[in-house]
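As the structure is a computational prediction, the values presented were derived from the model and not from experiment.
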Amino acid sequence: MSLRKTITIFSVLSLMVLIFTASAFGAAARKTPATSAAGTDSVGVVDRGEILNNHPGLEQVRQQLNNIARQKENEAKAAADRETDTARKAQAVQAKRMELAQEEQRLMAPIYRDCEQAVREVAVRKKLTLVLDKFVVLIGGVDITQDVIQQLSRKK
């Protein structure tokens, strides 16, 4: 085989590999959410804020927290008024803030648990292996936010 023929064959093969690689890369880059929804993607995305804001029990918890916050504020003012030392006043106010934070955590825990359980149930039903917050995902994933909201609505 002549050198010219060998170089030509090598050039053609190299060009074919280059074209194949470029077309494969282009196909991967063109993957759309529509193809993801068709079942080729096992990653789900959710808007946790939207899910939380649509929880059926959230408004009641917010009202309870507002009432507790007013109560703790009044208690903090009363405790601060009893103290003459500025440092002790600050400690009394800080203690009431900590109590409010603990109450908020206690009241919100069931809401967070419900949201997480609804995400898990929807993920299992849709055969998703991973669910991420949609704000950390640039491209891809199946948005299941509305499905999770519907799941929460069915439970209450």
Side-chain angles (χ1 to χ4, degrees), residues 17-156:
V17 168
L18 180 65
I19 290 171
F20 177 74
T21 304
S23 66
F25 179 74
R30 285 189 304 271
K31 185 176 181 184
T32 64
T35 60
S36 296
T40 60
D41 199 349
S42 63
V43 176
V45 295
V46 293
D47 182 339
R48 292 185 305 165
E50 186 175 348
I51 291 169
L52 182 64
N53 285 331
N54 283 285
H55 188 284
L58 184 64
E59 190 55 40
Q60 180 182 1
V61 169
R62 282 184 177 159
Q63 289 173 357
Q64 288 176 327
L65 285 172
N66 285 337
N67 292 337
I68 293 169
R70 275 193 237 90
Q71 176 188 349
K72 295 297 178 189
E73 183 179 331
N74 291 336
E75 290 173 8
K77 283 180 184 178
D81 289 343
R82 286 192 300 267
E83 296 294 334
T84 56
D85 183 39
T86 308
R88 287 188 182 205
K89 283 184 181 192
Q91 283 179 333
V93 170
Q94 184 62 27
K96 294 302 174 183
R97 286 182 182 160
M98 293 295 289
E99 289 175 16
L100 176 60
Q102 289 171 345
E103 282 296 310
E104 181 179 10
Q105 189 175 26
R106 182 184 67 79
L107 290 172
M108 288 300 293
I111 301 287
Y112 293 136
R113 204 171 26 254
D114 287 351
C115 292
E116 183 178 336
Q117 184 61 34
V119 169
R120 287 180 189 279
E121 290 169 2
V122 170
V124 167
R125 189 171 63 241
K126 292 189 169 274
K127 296 179 174 65
L128 300 173
T129 57
L130 178 67
V131 178
L132 300 169
D133 191 308
K134 73 190 276 184
F135 296 106
V136 299
V137 176
L138 186 59
I139 297 173
V142 178
D143 191 343
I144 60 170
T145 302
Q146 293 306 314
D147 297 317
V148 173
I149 291 170
Q150 289 174 357
Q151 180 72 21
L152 282 170
S153 296
R154 282 192 287 263
K155 284 189 160 195
K156 296 295 173 182

* **Atom pair CG/CD of Asn67 and Gln63 - distance to nearest 0.5 Å** => 7.5 Å
* To do: Please round to the nearest 0.5 Å and tell me the distance separating atom NZ of Lys126 and atom CD1 of Ile144.
  => 7.5 Å
* To do: State, without any angle test, whether Gln150 and Gln146 hold a side-chain donor-acceptor pair at a distance under 3.5 Å.
  => no
* Glu73 and Arg70 ion-paired at < 4.0 Å -> no
* To do: Taking all non-hydrogen atoms of both residues into account, name the closest pair between Ile51 and Cys115 and its distance.
  => CG2-SG, 3.8 Å
* To do: Check the surroundings of atom CZ in Arg125: do more than 12 heavy atoms from other residues, nucleotides or ligands lie under 6.0 Å from it?
  => yes
* Where Leu52 and Leu58 come nearest, the two heavy atoms and their spacing -> O-CD2, 3.2 Å
* Structure fact -> For Leu128 and Gly44 the tightest heavy-atom approach is CD1-CA, 3.8 Å
* Lys96 with Glu99: basic N within carboxylate O range, under 4.0 Å -> yes
* To do: Report the C-alpha separation of Glu103 and Arg106 in whole Å, then their side-chain angles, then the decisive distance to 0.1 Å, and conclude whether the salt bridge (charged side-chain N to carboxylate O under 4.0 Å, His left out) test is met.
  => CA-CA 5 Å; Glu103 282 296 310; Arg106 182 184 67 79; 2.8 Å; yes
* **For Ala92 against Ala79, the heavy-atom pair lying closest together** => CB-CB, 3.7 Å
* To do: Measure the shortest side-chain to side-chain distance between Asp47 and Phe135 over non-hydrogen atoms and say whether it is less than 4.5 angstrom.
  => yes
* Asked: Could you state the interatomic distance from CG (Asp114) to CD (Glu116), rounded to the nearest 0.5 Å?
  -> 10.5 Å
* Provide the closest heavy-atom pair for Gln151 versus Val122 in the form atom of the first, atom of the second, distance. => CB-CG2, 4.0 Å
* **Rounded distance (nearest 0.5 Å) linking atom CD of Glu121 with atom CG of Leu152** => 8.5 Å
* Should the heavy atoms of other residues, nucleotides or ligands under 6.0 Å from NZ of Lys89 be counted, would the total exceed 12? -> yes
* CD1 of Ile111 to NE2 of His55: how many Å apart, nearest 0.5 Å? -> 4.0 Å
* CD/Gln60: more than 12 non-hydrogen atoms of other groups inside 6.0 Å -> no
* To do: Give, for atom CD of Gln105 and atom OH of Tyr112, the distance between the pair rounded to the nearest 0.5 Å.
  => 9.0 Å
* Asked: For Ala123 and Val131, which heavy atoms make the closest approach, and how far apart are they?
  -> CB-CG2, 3.8 Å
